[in-house]
Amino acid sequence: MVVTPAMIVPDQSSWTMWGRDPAGVGLRPAEAPERARQLLVPDPVPEALAEAVRDAWSRIPPPRSYVAWPRGLAGVPAAALLEPKGDGELEQGGHAHGDDDHSDHGNGDHEHGSAHAGHDHHDMMAIVGDPSADGLVMEPIDFQLGPLAPGLPGGLVLELSLDGDVVDHCHPRATLEMPLGPLAGGGSGDPLAPASWTAAIGTALETAAGRAASEATARLRVAAVETERALSHLCWLRGFGFVLGWAQLSERAHEGAVALMGPRLLLEEAAARPKPGRLDRDALREQLEAVAVLVGGVHRRLEGSRRLRARTRGRAKVAAETVRSLVVTGPAARAAGVPGDARSADPLYEMLGFREATRDEGDAEARTEVRATEAVAAVDLALAALADEGSSEQAAAGTAERWVEGPRGPARARHENTRLRVVAPGNSRLEAAGEAVVGLELGRALVGVASFDLSGWRVPG
């Protein structure tokens with residue numbers, strides 16, 4: 001298979017979570033648009049990404065092409081967004097004609113370079129301000145990364161201020177809005193965690209109706225949520241390997257993610273629309289057992305790794321006091337020694353052998369270790385949920401309205417006065433990540449931000 005560097009929108013992890021593998025058709029993430037040969041976009045393109053997609057398309061050198069995969073998101077039709085302006089027509093397959101290199105491009109660059117070379121620099125403005133930590137007076141640099149930046153999730157924007165090469169301010173924000181419109185009809189909130197939202201919505205509707213799910217349905221929900229967690233963590237590890245320049249980690253995590261995509265989609269569908277006899281549980285368990293071997297291999301590669309320690313230990317540290325004051329949730333909180341996994345309060349999870357994974361250090365290394373540990377445990381929990389059914393009383397208690405622990409943290413749905421209200425506390429994690437990287441050199445800061453597994457999606461309002 002020919003491998004083509006591509007700008008993948010929103011990012012590779014999103015497509016994997018949506019059940020499609022860009023690498024399966026020969027696309028690998030490019031380090032920048034200038035190094036890409038193809039553009040992959042959802043159709044329609046979310047409005048928040050439209051300008052960035054148009055910019056990325058203009059920066060991909062010719063000959064170039066794009067691929068638009070249908071995705072039911074609100075936004076701008078890909079063909080309208082990517083139609084070239086005066087440089088040729090697009091055929092139906094998305095290939096651009098008339099995008100060949102022209103000699104006048106080089107001439108323009110040459111003329112600009114010559115003019116710049118002859119410029120008199122003796123009258124440059126003096127740089128004023130307070131000295132940096134190294135005693136030098138540096139002019140502050142303000143800039144923005146995202147919403148499409150290699151190494152960051154699509155839709156995430158970092159507003160940065162640098163003092164020299166050190167981060168003086170970092171404000172992460174999510175720009176994509178979760179499609180909450182179809183929630184009451186069983187649709188998903190966070191497109192990156194649909195099974196978690198299905199579980200939260202299902203229990204909310206059941207509570208409002210005064211009934212509980214059957215044990216079989218409850219177990220299917222657990223299996224779906226846990227395979228989703230394992231896949232999400234593997235996708236994050238694959239992307240984190242890209243940020244670290246650790247190709248072997250990315251490859252191993254990708255192998256596990258691809259093997260898990262099929263079982264995860266089957267379980268998501270089964271949990272959303274339970275039907276007796278629909279699943280071949282024996283075949284599904286066999287697939288998950290094979291996945292467990294792959295995920296275990298990723299975990300072992302990280303355990304005691306000097307390479308991981310050198311790049312992440314002590315970096316972007318968040319103290320337990322900060323976690324509590326900001327009300328940070330999810331793996332980032334557990335990595336700082338603050339328990340609070342919503343699964344701990346669920347009797348069904350207790351019956352299946354759940355144990356909360358925590359670390360005390362609160363740094364990028366601890367966050368990596370927590371997610372790797374959770375990925376292994378998630379596959380085991382899914383296997384346990386698909387085993388012989390146990391106590392129906394315990395399972396029914398687990399279906400009461402509750403927080404559902406998604407891959408990045410808890411989510412909750414509540415049915416009030418015929419309206420479905422949802423809560424997904426994620427802003428505190430954005431704030432904590434921004435504060436944690438202040439004082440770090442830019443490259444290290446980006447590793448620190450990536451270690452929080454931030455999402456570009458937010459609950460509207």
Item to complete: Return the set of residues passing ring-ring contact (aromatic ring centres under 6.0 Å, His included) with Trp236 (not counting sequence neighbours), or none when no residue passes.
Response: Phe240
Item to complete: State, with a plain yes or no, whether a side-chain heavy atom of Val222 is found less than 4.5 Å away from one of Asp346.
Response: no
Item to complete: Please check if atom CD in Glu286 has more than 12 non-hydrogen atoms from other residues, nucleotides or ligands closer than 6.0 Å.
Response: no
Worksheet entry | Close side-chain approach of Arg343 and Leu381, heavy atoms under 4.5 Å | yes
Distance-only check: which donor-acceptor pairs under 3.5 Å involve side-chain atoms of residues 40-52, not counting sequence neighbours?
unit_1 : atom_1 : unit_2 : atom_2 : d
Asp43  : OD1    : Ala78  : N      : 2.9

Practice prompt. Examine distances only and state if a side-chain atom of Glu228 and a backbone atom of Gly406 form a donor-acceptor pair shorter than 3.5 Å.
Written response: no
Worksheet entry | side-chain hydrogen bond (donor to acceptor under 3.5 Å, both in side chains): pairs with one or both residues in residues 312-329, sequence neighbours excluded | Arg313-Glu365
Practice prompt. Could you tell me which non-hydrogen atom of Ala259 sits nearest to which non-hydrogen atom of Val291, and how far apart they are?
Written response: O-CG2, 3.6 Å
Worksheet item: Going by the salt bridge (charged side-chain N to carboxylate O under 4.0 Å, His left out) test, which pairs reach into residues 439-455, not counting sequence neighbours?
Response: Arg371-Asp453, Arg408-Asp453
Worksheet entry | Pairs flagged by salt bridge (charged side-chain N to carboxylate O under 4.0 Å, His left out) wherever residues 4-28 is involved - sequence neighbours left out | none
Practice prompt. Would you check if Trp197 and Val422 make a side-chain contact, meaning some heavy-atom pair closer than 4.5 Å?
Written response: yes
Discussion item. Between Trp57 and Leu81, is there a side-chain heavy-atom distance shorter than 4.5 Å?
Written reply: no
Practice prompt. Would you check if the side chain of Arg311 reaches a backbone N or O of Leu244 as a donor-acceptor pair within less than 3.5 Å?
Written response: yes
Item to complete: Please step through side chain to side chain donor-acceptor pair (under 3.5 Å) for the pair Glu226 and Tyr349, ending with a clear verdict.
Response: CA-CA 11 Å; Glu226 292 308 316; Tyr349 270 101; 2.6 Å; yes
Worksheet item: Shortest non-hydrogen contact from Val318 to Ala436?
Response: CG2-CB, 3.9 Å
Worksheet item: Do side-chain atoms of Ser428 reach the backbone of Val327 as a donor and acceptor pair under 3.5 angstrom?
Response: yes
Fill in: Where Ala195 and Ala224 come nearest, the two heavy atoms and their spacing
CB-O, 3.8 Å
Item to complete: May I ask you to decide if Val9's main-chain N or O and Trp15's side chain share a donor-acceptor pair within less than 3.5 Å?
Response: yes
Worksheet entry | Trp18 ring center within less than 6.0 Å of Trp69 ring center | no
Fill in: Sidechain-backbone polar pair: Gln38 side chain, Val67 backbone, donor-acceptor under 3.5 Å
no
Worksheet item: Taking all atoms of both residues into account, what is the closest heavy-atom pair of Ala387 and Arg219, and its distance?
Response: O-NH1, 3.8 Å
Fill in: Trace of the side chain to side chain donor-acceptor pair (under 3.5 Å) decision for Arg37 with Thr4
CA-CA 7 Å; Arg37 290 294 174 266; Thr4 304; over 6 Å; no
Discussion item. Donor-acceptor check, side chain of Arg429 to backbone of Ala333, threshold 3.5 angstrom: yes or no?
Written reply: no
Item to complete: Please lay out, stage by stage, how Arg221 and Thr203 fare under the test side chain to side chain donor-acceptor pair (under 3.5 Å).
Response: CA-CA 10 Å; Arg221 285 176 181 167; Thr203 57; 5.5 Å; no
Item to complete: Determine yes or no for a side-chain-to-main-chain donor-acceptor pair under 3.5 angstrom, with Arg458 supplying the side chain and Ala174 the backbone.
Response: yes
Worksheet item: Got His169 and Pro140 here, is their nearest side-chain heavy-atom distance under 4.5 Å?
Response: no
Discussion item. Check this for me, if you would: do Arg173 and Glu159 make a salt bridge, where the nitrogen-to-carboxylate-oxygen distance has to be below 4.0 angstrom?
Written reply: yes
Worksheet entry | Gly245 to Arg307 - nearest heavy-atom pair and separation | O-NH2, 3.0 Å
Discussion item. Using modelled atom types and a 3.5 Å cut-off, is there a donor and acceptor pairing between side-chain atoms of Thr358 and backbone atoms of Arg334?
Written reply: no
Worksheet, complete the sentence: When every non-hydrogen atom of Leu279 is compared with those of Ala270, the smallest separation belongs to CD1-CB, 3.8 Å
Fill in: Partner residues of Arg300 under the side-chain contact (heavy atoms from CB on, under 4.5 Å) criterion, sequence neighbours left out
Glu303
Worksheet item: Any ion pair linking Glu255 and Arg301 (charged N to carboxylate O, less than 4.0 Å)?
Response: no
Discussion item. Let's go through Met7 and Arg59 carefully: what are the C-alpha distance in whole Å and the side-chain angles of both, what is the deciding distance for side chain to side chain contact (heavy atoms under 4.5 Å, CB included) to 0.1 Å, and is it a yes or a no?
Written reply: CA-CA 10 Å; Met7 280 296 296; Arg59 291 164 57 191; over 6 Å; no
